[in-house]
Each structure stands twice: as C-alpha cells, then as structure tokens.
Number of protein chains: 2
Amino acid sequence: MPVKSEHIPRATIKRLAVYVQVLENLIREGTDVISSELLAKACAVNPSQIRKDLAYFGEFGVRGLGYYVKELNTSIKSALGVDRVWRCALVGVGNLGKALLNHHEFKLRGFHIVGAFDCDPFKIGEEVSGLEVVCTRRLKEKVAELGIEVGIITTPPERAQRATGHLVEAGIKGILTFAPTRIAVPDHVFVEYVDFFHHLYALAFNLTLIEDEQ
Amino acid sequence: MPVKSEHIPRATIKRLAVYVQVLENLIREGTDVISSELLAKACAVNPSQIRKDLAYFGEFGVRGLGYYVKELNTSIKSALGVDRVWRCALVGVGNLGKALLNHHEFKLRGFHIVGAFDCDPFKIGEEVSGLEVVCTRRLKEKVAELGIEVGIITTPPERAQRATGHLVEAGIKGILTFAPTRIAVPDHVFVEYVDFFHHLYALAFNLTLIEDEQ
DNA sequence: TGGGCTATGTTAAAAATTTCACATGATTAG
DNA sequence: CTAATCATGTGAAATTTTTAACATAGCCCA
Ligand SMILES: NC(=O)c1ccc[n+]([C@@H]2O[C@H](COP(=O)([O-])OP(=O)(O)OC[C@H]3O[C@@H](n4cnc5c(N)ncnc54)[C@H](O)[C@@H]3O)[C@@H](O)[C@H]2O)c1
Ligand SMILES: NC(=O)c1ccc[n+]([C@@H]2O[C@H](COP(=O)([O-])OP(=O)(O)OC[C@H]3O[C@@H](n4cnc5c(N)ncnc54)[C@H](O)[C@@H]3O)[C@@H](O)[C@H]2O)c1
C-alpha cells in the first residue's frame, strides 16, 4: 500500500484503527457496503473526517454507493502495515505478562509473541503458553535468531528503562510498554504507552466537570 | 480546583495525566523543584505546552524558579478530580477482569473496585480479591447501595453493549471498557476505550514507513 | 537592600487539523 | 439510453492546537 501523501497525522492513524474495529464487526454482521455517513456514526466521528483520512492513502469508495466493507478493511489494514505478521518479544513474565501471553487475540491480529524474557532465575526455563522463558541477557541473540521487530515491556516501572536498553541494544525499533513510566529511547525507536490510568483520569475529569456544573 | 477557562482540550487532559506520572517519579527521586523545560523534556513535549496546559487551571509556578514538584502534582491531580476516591464496578470476571481485580494499583490511585459482576451462574458467589462476584441483574441495586460512579467493562466484545446497558440503567456516568468494540451510550455518559491493538497498529504503521523509506 | 538572572504566565503568530461545500462520477430506475 | 439520485473525493474555510516571543515577577547574591 503506497502512501499517497507526505505526512499523515497521528490522529488519523488512531482513527484508522477504530475504523478497522468497526469494519470487522460489520463484516461479522454481514454488511456488504457502508457509506462514510454511517461508518462515521458508528465511530463517533465526522463523515468528512473519514473521507479525508482515507484520501491520504488512495481512493477506496464508489461514488453514489459507499465503501465495500471487506475491501475497505483490507485496504486500511494494508495501509497500516498490519496485513502481515509482526514478531514480538515480551519482557517481564509477571501477572500481566502471563495474561498477555495467554491472550489469543495477539496471534489473531498478526502480532506473534515468539519470545518471552525475564531476569528472575526462578522464572527462566518455565513454560508459559507454549513458550520457554529465556534470560533477558540472551535477548539480543534471540531477537536476531527469531527475526523479532517489536518489544512488549511488562516489567515493573523501575525496570522499564533497563528493559528498554536491552531491546534497543538488540536492534528493536518499536516498543509497546505497559509500565506506568516514560522511557528514553534513540530517535529511530518508536514507543507506544498503554496506561489505563490515563483513561481513568480523563473519565474522572469529565465526571467532575459535569458534577461541578450542577 | 476551580476551572479558570471554559473549554479544555482533550489533549491537554491526556498530557496532564502524563505530567502526573513523571512528577510522581520525580517525587520518588527526591527532586523538589523543576522547570517547565526539564519537565517538558521528560514528557517529550514542548515547554510552552506545559505552561499553557497549566494556565487553563491557574498559576502554579514561581517565576525565575520553576514548579515545586509535590505542590504541582497535588494541583494537577486536584484539577483532574483524582484527589478523591472513585468507586468502581467491574463487569465480566474473566481472565482480564481477575487480573485487574488483583492489581493493587487501582486502589493506590484512588479507583476502588467495590463491586464485581458476572452473568455466568458458575462465577456468581465466587470470591476474587476479597470481593464476592454478584449477578449482573443486581447491578442497579448494588450501584445505589455502594455509591458506584464508574463502570469497568471486561466482557467479551459481543456482550459489551449489554453490559453497557446495565451500567447506564444503573445510573453510571463514566465507563472504561477493555472490549475491542465501540459501544453506544446516551450523551451524558462518558466512555474511554482501552485497546492496545490501536497502539500496536500505530507502531506497525511507523515501522512500515521507515522500512519503506529505505 | 538592590540589581541581575531566570523561568513563569500570557499574548500573538504559526501550524495543524477538522469541517464545510460542492463538483464529479457511478449507480439505478424509468 | 437518459435523467435523477446519491455519496465520494477534494479544495477552501473555519477552527483548534501548538509554538514562539516577551514582559513580568520572584529569587539569589553581592
Ligand atoms: N497486573 C496488571 O493487571 C497490570 C495492569 C496494568 C499495568 N500493569 C503494569 O505492568 C507491569 C507488570 O505488572 P505485573 O503485575 O505483571 O508485575 P509482576 O511483578 O507480576 O511482573 C513483573 C515481571 O517483570 C520481571 N522483571 C523485572 N525486571 C526485569 C528486567 N529488567 N528484565 C526482564 N524482566 C524483568 C520480574 O521478574 C517479573 O516477572 C507493571 O509496570 C504494572 O504497573 C499491570
Ligand atoms: N485477556 C486479556 O489479556 C485481554 C487483554 C485485552 C483485552 N481483553 C478484552 O477483555 C475482554 C475480556 O477478556 P477475557 O480474556 O477476560 O475474556 P473471558 O472470556 O475470560 O471473560 C469474560 C467474562 O465476562 C463474563 N460475561 C459475559 N457476558 C457478560 C455480561 N453480559 N455481563 C456480565 N458478565 C459477562 C463471562 O462470564 C466471563 O467471565 C475481552 O473483550 C477481551 O477482548 C482481554
């Protein structure tokens, strides 16, 4: 999927992920065609926004009709680069790490966790979801061997920077971290933070606002 | 904490949550005072951005010096409405639900999960992390009894809308959902979506971009 | 105690993003 | 085959958000 335009807003990428989510539900429901207006309603955005977002990548609709759901879904996934398998390493096999290793949806969506790493000698060698837990020291070797491109950090926050160091050292260019702390990386490495307290804080703020109004 | 200005950008709220995260690390490290420049560096934002974000709520700094870390943290948390306890109900006591119920950080951050609900007769009555799992049918009654204001959805996606219905019916005004599907709510209800595939998609897109460039 | 320094708070400019409006082209019904 | 209809794709307008610039006010040292 060639990118038509130069810079694509970060917000557009976030929305494309939402469109995929909704489109896959529509596929399950058996909907063949959808207009930007209806899709927009389902995603809680403006219809023009959808058309503009898609225009960054090409023309996917049929004038006077709308979009073929399956086709559009495939096109967006291709644009996002998720029409392939991404091999991932998980660092920190604790409560959350184990839950993620057992979560089948990763594989379903093309993110294959092919390496599990921990620094706790008691955990090394243990098998979780069919994967042997390996010592973090061997990360670099394994990343090369398994062709890993994405790192997932599930260590405690005070260890997140160290885990990051290992991943960067191993040549990883993309990191998803669940540790509630900012991590420092070189310019060429992308980091995405998952922190649901940010969402809870946003909720609290909105709830406080409407309470104060009354 | 009185809001000085009328509308506050959503992006500002997201950043305030990041500032809190970084400030709490600084407190732990024993830093007393920080400038917007250094805080900005730690949060990977522009210094003006921080000052502008704070200006929506008041004046918290000392000219020529910077911000007292503890004081600023308290002020931001107050502005966000997280200087109090929020009572929460969790709906869907499966793998993820149990992990969250056992995650102590919720209580630490003022979000107390005081009710756990499921519709599976085999789960009802079971005890998880000191909470008895209650039938979803009794949600309304329990929400009133326990003064619950926030709902957390951890059901499978195809059940998320039903769970939403119960929560809205019970008078809940804020929902955090982990189910990878959009849910429909009345205007007065706020929803926050936690979906780390959105983050993985964003990573995949960025990684694909730089690969294509080479 | 006063002057130099420094980083805030704020106003103004710049940039980015969203929304509008409509010409265009495909579909479908007559 | 033609006309009416409809929803896309897009350029321009409006809005929002970010960044820059600077005057102001408090600290610190002489
Ligand atoms: N448990 C949850 O529900 C949950 C939810 C959201 C976020 N989180 C966050 O996820 C992270 C993990 O949480 P958890 O509950 O699984 O903690 P945990 O203590 O159960 O697991 C942490 C694991 O990381 C390993 N580890 C520590 N340092 C390491 C290093 N340098 N290299 C490799 N492995 C290392 C530990 O040995 C341990 O196995 C924390 O930052 C937490 O805040 C957890
Ligand atoms: N497991 C993970 O690591 C993980 C990670 C991210 C997101 N998720 C998402 O979180 C959700 C839950 O995942 P899970 O792995 O815990 O699934 P699960 O099947 O283990 O748990 C779902 C629970 O919801 C209950 N439930 C179903 N319908 C209900 C209803 N109407 N009212 C109340 N309870 C109901 C079920 O009885 C079950 O206990 C899913 O949407 C999943 O996609 C899971």
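A, B, ... follow the sequence lines: proteins, then strands. Residue 1 opens every chain. Everything quoted here is computed from the prediction, not taken from an experiment. For the numbers below, each heavy atom of this structure counts, side chains included, while hydrogens, waters and symmetry mates do not.
Considering only side-chain N and O atoms, B:S36 lies under 4.0 angstrom from the phosphate OP1 or OP2 of C:dT8. OP1 or OP2 of C:dG9 has at least one side-chain nitrogen or oxygen of B:Y67 nearer than 4.0 Å. At D:dT19, one or more side-chain N or O atoms of B:Q49 fall inside 4.0 Å of OP1 or OP2 (strictly under the cut-off).
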Query - Per-nucleotide protein contact string for nucleotides 21-30 of chain C (B base, S sugar-phosphate only, - none; heavy atom under 4.0 Å) - result: B--BBBS---

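When each of A:K77, A:K14, A:R109 is paired with B:Y201, the side-chain hydrogen bond (donor to acceptor under 3.5 Å, both in side chains) condition holds for A:R109 and for no other.
Taking only side-chain atoms of A:S35, from C-beta outward, the nucleotide of D:dT19, C:dT17, D:dA7 with the closest atom is D:dA7. You'll find that the side chain of A:N46 is closest to C:dC20, out of C:dC20, C:dA7, D:dT10.
Contact detail for B:A160 and B:I153: the closest heavy-atom pair is O-CD1, 4.0 Å. Considering every non-hydrogen atom in both A:E149 and B:L207, the closest pair reads O-CD1, 4.2 Å.
Checking side-chain atoms of A:T136 against main-chain N and O of A:F117 turns up no donor-acceptor pair under 3.5 Å. For B:R87 (side chain) and B:L146 (main-chain N/O), a donor-acceptor pair under 3.5 Å exists by modelled atom type.
Here the two rings, on A:Y68 and A:F60, have centers that are 6.0 Å apart or farther.
Straight-line distance from the NE2 atom of A:H7 to the C1' atom of C:dA15: 11 Å, rounded to whole Å. Rounded to an integer number of Å, the gap from CG of B:L54 to C1' of D:dT18 is 15 Å. Rounding to whole angstrom units, OH of residue A:Y56 and P of C:dA16 are separated by 11 Å. To the nearest angstrom, P of C:dT18 lies 13 Å from CD1 of A:I8. As rounded to whole Å, 11 Å separates atom C1' of D:dA13 from atom NZ of A:K52. Atom CD in A:E71 sits roughly 14 Å away from atom C1' in D:dT8 (whole-Å rounding). Note: NZ (B:K41) to P (C:dA7) measures 12 Å, nearest angstrom. Put simply, CG on B:L72 is 16 Å from P on C:dA7, counting in whole angstrom units.
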Show the distances under 3.5 angstrom between N or O atoms of the protein and N or O atoms of nucleotides 2-4 of chain C.
none

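Distance check: A:S48 OG to A:E37 CD gives 10.0 Å after rounding to the nearest 0.5 Å. Annotation: the span from B:I50 atom CD1 to B:Y67 atom OH amounts to 7.5 Å, rounded to 0.5 Å.
For the segment residues 10-25 of chain A, the set of residues with a heavy atom within less than 4.0 Å of an atom of DNA chain C comprises A:A11, A:R15, in numerical order.
Classification of the A:H103-B:F196 ring pair by plane angle, with boundaries at 30° and 60°, yields perpendicular. Ring planes of B:W86 and B:F111: parallel class, angle under 30° (limits at 30 and 60°).
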Report task. List the steps and the verdict of side-chain contact (heavy atoms from CB on, under 4.5 Å) for B:V45 and B:D53. Result -> CA-CA 11 Å; B:V45 300; B:D53 285 339; over 6 Å; no

Report task. Tell me, with the steps shown, if B:L200 and A:E192 meet side-chain contact (heavy atoms from CB on, under 4.5 Å). Result -> CA-CA 8 Å; B:L200 282 172; A:E192 285 285 328; over 6 Å; no

